Amino acid sequence: MFERFTEEARRAVARAGQESAELRHGHIGTEHLLLAVLAETEDPAARVLIEAGLDRAAARQAVRRLLGEGSDARALAAIGVDLDAVREAVESVFGAGALDAPPQEEPRKRGWFRPEGRAGRSPFTARGRKVLELSLRESLRLKSGHIAVGHLVLGLLREGSGLGARVVADHGLDFAAVRRAVEASMA
């Protein structure tokens, strides 16, 4: 299936793994796919969400609010350590992104969607895998011949019950209106 993905869509799926790692989550879910799509700021389908007011920063804040960060963050918060304050202090001295993971090497063709060091089964949640499957179905429905970032958005909306869809809904966006706008942006 992944050979049908455009370069931008592949980049978004790979970016979902990075989003998960940055949030210290042990899985790649629909929320990480949404964050990765929103990082593709030049993509017309991503622009639909961004222009509706759902940018990556707002979505990331919503994901943190709904899911939190990994267990390290929870443990530190329990003893009074505010990781956001620590990040802010470090970035004020060393610059924005100083604590971000270093960029990964270009992934190999097979297994390119798995975070570094992961082998075996996919780290995607069942809903995350469903979004990827539905993006293929959306591509077939639209007779596209490829899977683009817009198809990922359509798959996320069609799945409808993952955390990514919840972030979209909680932001007050109407799925049907977003779907129409994304399809128009891909035409």
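Keep in mind that this is a model prediction, so the values were computed, not measured.
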Contact summary for Ala165 and Ser161, nearest pair of heavy atoms: CB-N, 4.1 Å
Phe5 and Leu136: CA distance, side-chain angles, deciding distance, side chain to side chain contact (heavy atoms under 4.5 Å, CB included) verdict: CA-CA 9 Å; Phe5 279 61; Leu136 171 62; over 6 Å; no
Chi angles and distances behind the side chain to side chain contact (heavy atoms under 4.5 Å, CB included) call for Thr6, Ile147: CA-CA 6 Å; Thr6 64; Ile147 300 170; over 6 Å; no
Salt bridge flag under 4.0 Å for residues Glu42 and Arg47: no
Student check: side-chain heavy atoms of Arg60 and Glu22 closer than 4.5 Å: yes
same_hphob_cluster(Leu157, Val48) at 4.5 Å side-chain heavy-atom cutoff: yes
Ala58 versus Gly53, closest heavy-atom pair with distance: CB-O, 4.4 Å
Side-chain heavy-atom pair Thr125, Ile28 within 4.5 angstrom cut-off: no
Neighbour count >12 (heavy atoms, 6.0 Å) for atom CD, Glu51: yes
Atom of Gly150, atom of Asp43 and distance for their closest heavy-atom approach: N-OD2, 4.3 Å
Inter- and intrachain pairs under ring-ring contact (aromatic ring centres under 6.0 Å, His included), touching residues 168-187, at least two apart: none
Hphob cluster co-occupancy, Leu54 + Leu154, side-chain heavy atoms under 4.5 angstrom: yes
Which atom pairs, donor and acceptor, lie under 3.5 Å between side-chain atoms of residues 34-41 and protein residues at least two apart or in another chain?
unit_1, atom_1, unit_2, atom_2, d
Glu40, OE1, Arg11, NE, 3.4
Glu40, OE1, Arg11, NH2, 2.9
Glu40, OE2, Arg11, NE, 2.9

Pairs satisfying salt bridge (charged side-chain N to carboxylate O under 4.0 Å, His left out), at least one member in residues 161-173, at least two apart: Arg166-Asp170
CG-CG distance between Leu132 and Leu33, expressed to the nearest 0.5 angstrom: 5.5 Å
Name every donor-acceptor pair, under 3.5 Å, that has one atom in a side chain of residues 177-187 and the other anywhere in the protein, sequence neighbours excluded.
unit_1, atom_1, unit_2, atom_2, d
Arg179, NH1, Glu138, OE1, 3.2
Arg179, NH1, Glu183, OE2, 3.4
Arg179, NH2, Glu138, OE2, 3.2
Glu183, OE2, Arg141, NH2, 2.5
Ser185, OG, Val182, O, 2.7

All side-chain contact (heavy atoms from CB on, under 4.5 Å) counterparts of Thr30, not counting sequence neighbours: Arg127, Val131, Leu156, Glu159, Leu163
Inter-residue atom distance Lys130.NZ - Ser135.OG, 0.5 Å rounding: 11.5 Å
Approximate separation, where rounding is to 0.5 Å, of Gln18 CD and Arg15 CZ: 5.0 Å
Qualifying residues under ring pair (Phe, Tyr, Trp, His ring centres under 6.0 Å), relative to His146, sequence neighbours excluded: His151
